[in-house]
Amino acid sequence: MRIDILTLFPEMCQTVMAESIIGRAQKKGALEVHCHQIRQYTYDKHNRVDDSPYGGGKGMLLLAEPIADCFEHVCQQAGTRPRLIYMSPQGSVLTQETVKRLAQYDNLAILCGHYEGVDERVLEAYVDEQISIGDYVLTGGELPALILADAVSRLQPGVLAEDVCFEEESHFDGLLEYPQYTRPSVWRGREVPPILLNGNHGAIAQWRREQSLLRTARNRPDLLEKAQLTDKERAFLSQALQAENLPENEE
């Protein structure tokens, strides 16, 4: 996969994406990440990328032309038109299902907004979808873009050691992840659940699934609405919640 980030702060994005797992994936060729400075596509001697909005109001808007020229250059470099995503509080909230969908593309481009946003016409002409990372406002779109790029990148073949590294994580299958433990088996008086030490992998897998269901019911019951549960799992969950005096999920 190739990811292009259109931003006023490419060094910031490059620094983050060059580290850890994503950085190693780029070095071994499992992933490409390119960060583009929008200011390089201005015609103003001061490299101005913003102007005041028509109709008045506070703040400044990013100009359409530098963004359009930057994206068109990205298309030329990539040899194709990437799917362009604009990180915006007006977009649909990012979920793991969205991440899995976007991970199927070979080329993604992410536009980072600033100030009061961007000229609406560039959204109409180029942007394929808008995505938000939550109902709050940040100073720019770089952090949201990096979150999206990281989440999509780690699902690419060769980025993680094995698919199981992400398939058993929270949200991948719609549930929260089960609790995990490592050495020592007793830490400050707290013991690892004995079932994890008996070597019975079938029993361990069942325990993990049940713990995942319980953790989701306790912390994010809304996620259970779309979860694919067997009749046996529903019965287990109902009994466990009754024992804890917790409300059952109503479908």
Side-chain angles (χ1 to χ4, degrees), residues 1-20 22-23 26 31-78 81-95 98-99 101-103 105 107-154:
M1 168 178 268
R2 172 177 170 138
I3 298 176
D4 290 271
I5 301 177
L6 289 64
T7 171
L8 298 180
F9 299 95
E11 294 83 5
M12 170 185 174
C13 298
Q14 288 168 348
T15 297
V16 173
M17 297 303 288
E19 295 295 330
S20 189
I22 307 302
Q26 292 184 71
L31 181 71
E32 282 186 61
V33 179
H34 303 272
C35 302
H36 306 268
Q37 172 57 269
I38 296 173
R39 290 189 187 278
Q40 292 181 352
Y41 299 88
T42 61
Y43 300 97
D44 184 288
K45 65 179 181 179
H46 301 295
N47 297 123
R48 186 174 181 177
V49 295
D50 63 324
D51 207 337
S52 56
Y54 282 121
K58 295 183 178 180
M60 307 289 277
L61 287 177
L62 285 176
L63 297 164
E65 193 65 16
I67 296 172
D69 285 352
C70 183
F71 181 62
E72 288 170 357
H73 185 241
V74 166
C75 294
Q76 291 176 358
Q77 282 191 338
R81 186 196 186 284
R83 183 168 185 81
L84 180 58
I85 298 164
Y86 175 48
M87 305 308 298
S88 164
Q90 297 186 36
S92 58
V93 177
L94 182 64
T95 66
T98 302
V99 170
R101 173 175 60 81
L102 294 176
Y105 288 89
N107 298 81
L108 291 179
I110 308 173
L111 173 60
C112 305
H114 258 277
Y115 314 119
E116 296 303 311
V118 306
D119 189 305
E120 186 71 18
R121 292 168 294 185
V122 81
L123 303 182
E124 296 170 352
Y126 292 98
V127 170
D128 296 299
E129 64 180 295
Q130 300 185 43
I131 292 179
S132 167
I133 61 166
D135 297 332
Y136 45 88
V137 181
L138 300 174
T139 56
E142 281 71 27
L143 291 176
L146 290 169
I147 288 172
L148 176 61
D150 183 280
V152 170
S153 295
R154 63 197 309 280

Minimum side-chain heavy-atom gap Tyr115-Leu8 below 4.5 Å: yes

Chi angles and distances behind the side chain to side chain contact (heavy atoms under 4.5 Å, CB included) call for Ile22, Gln26: CA-CA 6 Å; Ile22 307 302; Gln26 292 184 71; 4.1 Å; yes

From Thr95 atom OG1 to Ile131 atom CD1, the distance as rounded to the nearest 0.5 Å: 8.5 Å

Inter-residue atom distance Arg83.CZ - Leu108.CG, 0.5 Å rounding: 8.5 Å

Non-hydrogen atoms of Lys58 and Glu116 that approach each other most closely: O-CG, 3.5 Å

Trace of the side chain to side chain contact (heavy atoms under 4.5 Å, CB included) decision for Leu62 with Val122: CA-CA 10 Å; Leu62 285 176; Val122 81; over 6 Å; no

Heavy-atom side-chain contact between Leu102 and Ile85 under 4.5 Å: yes

Distance (rounded to the nearest 0.5 Å) between Arg39 CZ and Phe9 CZ: 7.0 Å

Smallest separation among heavy atoms of Ala103 and Val152, with atom names: CA-CG1, 3.8 Å

Side-chain touch Thr42/Leu63, heavy atoms, less than 4.5 angstrom: no

Centroid separation His36 to Tyr41 less than 6.0 Å: no

Flag for Glu72-Tyr126: side-chain donor and acceptor within less than 3.5 Å: yes

Verdict with supporting geometry, Ile38 and Leu111, side chain to side chain contact (heavy atoms under 4.5 Å, CB included): CA-CA 10 Å; Ile38 296 173; Leu111 173 60; 4.1 Å; yes

Heavy-atom neighbours of Arg121 CZ exceed 12 at 6.0 Å: no

Heavy-atom closest pair, residues Asp150 and Met17: N-CE, 4.4 Å

Side-chain donor/acceptor of Ser153 to backbone N/O of Ala149, under 3.5 Å: yes

Shortest non-hydrogen contact between Ser88 and Ser132, atoms and distance: O-CB, 3.1 Å

Nearest-0.5 Å distance, CG of residue Asp119 to CD of residue Glu65: 10.5 Å

Minimum side-chain heavy-atom gap Thr7-Pro10 below 4.5 Å: yes

Sub-4.5 Å side-chain heavy-atom contact between His114 and Glu142: yes

Considering all heavy atoms, the nearest Gly140-Pro144 contact: O-CD, 3.7 Å

Ser92 vs Gln130 side-chain heavy atoms within contact, under 4.5 Å: no

Approximate separation, where rounding is to 0.5 Å, of Asp51 CG and Met60 CE: 5.0 Å

Validation row: Phe71, Pro82 side chains within 4.5 angstrom (heavy atoms): yes

Any side-chain heavy-atom pair of Cys13 and Leu146 under 4.5 Å: yes

CD1 on Ile3 to CG on Asn107, rounded to 0.5 Å: 10.0 Å

